[in-house]
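First up is the structure itself, then whatever we jot down about it.
Counting starts at 1 for both ligands and their atoms, in listed order. As the structure is a computational prediction, the values presented were derived from the model and not from experiment.
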Amino acid sequence: MARKKFVCGNWKMHRTAAEARALVRELRAAAEPLADRVDVAVAPPFTALFAVAAELAGSRIGLSAQNLHWESQGAFTGEVSAPMLVDAGCRYVLCGHSERRQFFGDTDEAVQKKTRAALAAGLHPVVCVGETLPERESGRTLEVVGRQVRAALSGLTPAQVGSLTVAYEPVWAIGTGKTATSAQAQEVHAAIRAILRELAQGVADSVRILYGGSVKPDNAAELLSQPDVDGALVGGASLKAADFTGIIQGAIR
Ligand code: PGA
């Protein structure tokens, strides 16, 4: 089954609202014409969501948040809920990015709750999974990634699985300049696809599995040529309109 490629930029803790607007203006000028052949989204920090949504009015480029809380409202100081993200104009939200898991204590259980809350609000979750270097070196990659995928997706209906995206991001490749080889990525993506078939047979072939971890214009086309690599989750290179556009072009070739 042909899956439309999806390239999502994760801006992490970068850009004020004004800086974010400027970056999106540049990106629209460069990438808007490509956005009917590839799904494109950007994930600015919470404080820039409204500003970026305004800048994206009438655009095919979608808006994503980087995180959410699983309750829709309440006494949870510092948190932001799925309905609030919808209100800000988001279509997507990252769930369980490795930096959330590593630095902010997001557990498999929390990622599952976030994924469910996102779906309940009508958002498309981008569920992030990936092994650390010691896990890879001890031969546990597929076990770790398998556990993360099963936990995040447990209890979801096939229709719900069909409206999410999985992002495989080896932790050792994030922000390090090291990428998985296309063969390493394909191996893990195929294993994730096999789990999706078990969990949601009818939709598994339509779910997109993105690769993330030091994706750049010069390695995107090779990574994205793999049969189960359906796009990219891009950190550093998404902060430069030209580089991000180069990666989107790599998804088309
Ligand atoms: P990177 O980040 O492209 O800077 O490695 C990827 C990510 O964390 O999503």
Side-chain angles (χ1 to χ4, degrees), residues 5-15 19-20 23 27 31 38-46 48-49 52 61-68 90-106 111 114-115 118 124-133 135-136 141 144-145 148-149 152 164-182 184-185 188-189 192 208-224 226 229-251:
K5 296 262 197 291
F6 177 23
V7 177
C8 182
N10 171 13
W11 294 2
K12 309 194 179 186
M13 199 171 72
H14 295 285
R15 303 294 184 260
E19 291 164 352
L23 176 53
L27 183 63
V38 178
D39 284 336
V40 177
V42 292
F46 289 137
L49 287 175
V52 170
I61 299 172
L63 185 63
S64 176
Q66 300 174 14
N67 184 33
L68 76 161
C90 292
R91 190 185 311 163
Y92 306 97
V93 61
L94 309 184
C95 296
H97 187 278
S98 71
E99 286 150 18
R100 301 292 323 166
R101 295 179 190 258
Q102 241 184 314
F103 305 131
F104 304 102
D106 280 19
V111 177
K114 290 178 183 204
T115 303
H124 299 290
V126 178
V127 176
C128 305
V129 298
E131 82 287 2
T132 62
L133 189 58
E135 286 164 346
R136 173 162 284 269
T141 297
V144 169
V145 169
Q148 292 172 334
V149 171
L164 57 75
T165 297
V166 178
Y168 167 56
E169 300 200 298
V171 177
W172 49 270
I174 295 179
T176 58
K178 288 183 200 154
T179 29
T181 63
S182 52
Q184 283 172 325
V188 180
H189 284 229
I192 293 171
R208 290 176 297 193
I209 307 175
L210 313 184
Y211 170 79
S214 300
V215 178
K216 304 278 183 274
D218 63 0
N219 60 26
E222 162 70 15
L223 284 160
L224 273 59
Q226 298 300 305
V229 179
D230 306 312
L233 181 54
V234 184
S238 71
L239 293 169
K240 289 194 189 129
D243 285 358
F244 193 56
T245 304
I247 292 168
I248 299 167
Q249 272 156 350

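In this structure the side chain of Tyr211 reaches within 4.5 angstrom of the side chain of Pro170, judged on heavy atoms.
When each atom of ligand 1 is checked for a heavy atom of Gly213 under 4.0 Å away, the hits are 5 (O). Against a heavy-atom cut-off of under 4.0 Å, Asn10 is close to the following atoms of ligand 1: 9 (O). Here is the list of ligand 1 atoms found below 4.0 Å of a heavy atom in Gly175: 1 (P), 4 (O), 5 (O). Listed by number with element, the atoms of ligand 1 under 4.0 Å from a non-hydrogen atom of Ala173 are 5 (O). Every atom of ligand 1 is numbered from 1 in the order shown, and the set under 4.0 Å from a heavy atom of Gly236 is 1 (P), 3 (O), 4 (O). Taking a cut-off of under 4.0 Å to the non-hydrogen atoms of His97, the atoms of ligand 1 that pass are 7 (C), 8 (O), 9 (O). Less than 4.0 angstrom separates some heavy atom of Ser214 from each of these atoms of ligand 1: 1 (P), 3 (O), 5 (O).
For Tyr168 against Arg136, the heavy-atom pair with the smallest separation is OH-NH2, 3.3 Å.
Separating the CD atom in Glu169 from the NE2 atom in His97 is a distance of 4.5 Å, to the nearest 0.5 Å.
A search for side-chain hydrogen bond (donor to acceptor under 3.5 Å, both in side chains) contacts involving Thr132 returns Glu135, not counting sequence neighbours.
The side chain to side chain donor-acceptor pair (under 3.5 Å) contacts involving residues 230-246 comprise Arg3-Asp230, Arg193-Asp230, where partners must be two or more places apart or lie in separate chains.
Scanning the protein for heavy atoms near atom 7 (C) of ligand 1, the closest one is Glu169 OE2, 3.1 Å. At the shortest separation from atom 3 (O) of ligand 1 among protein heavy atoms lies Gly235 N, 2.8 Å.
Under a 4.0 angstrom heavy-atom cut-off, Lys216 registers as lying outside contact with ligand 1.
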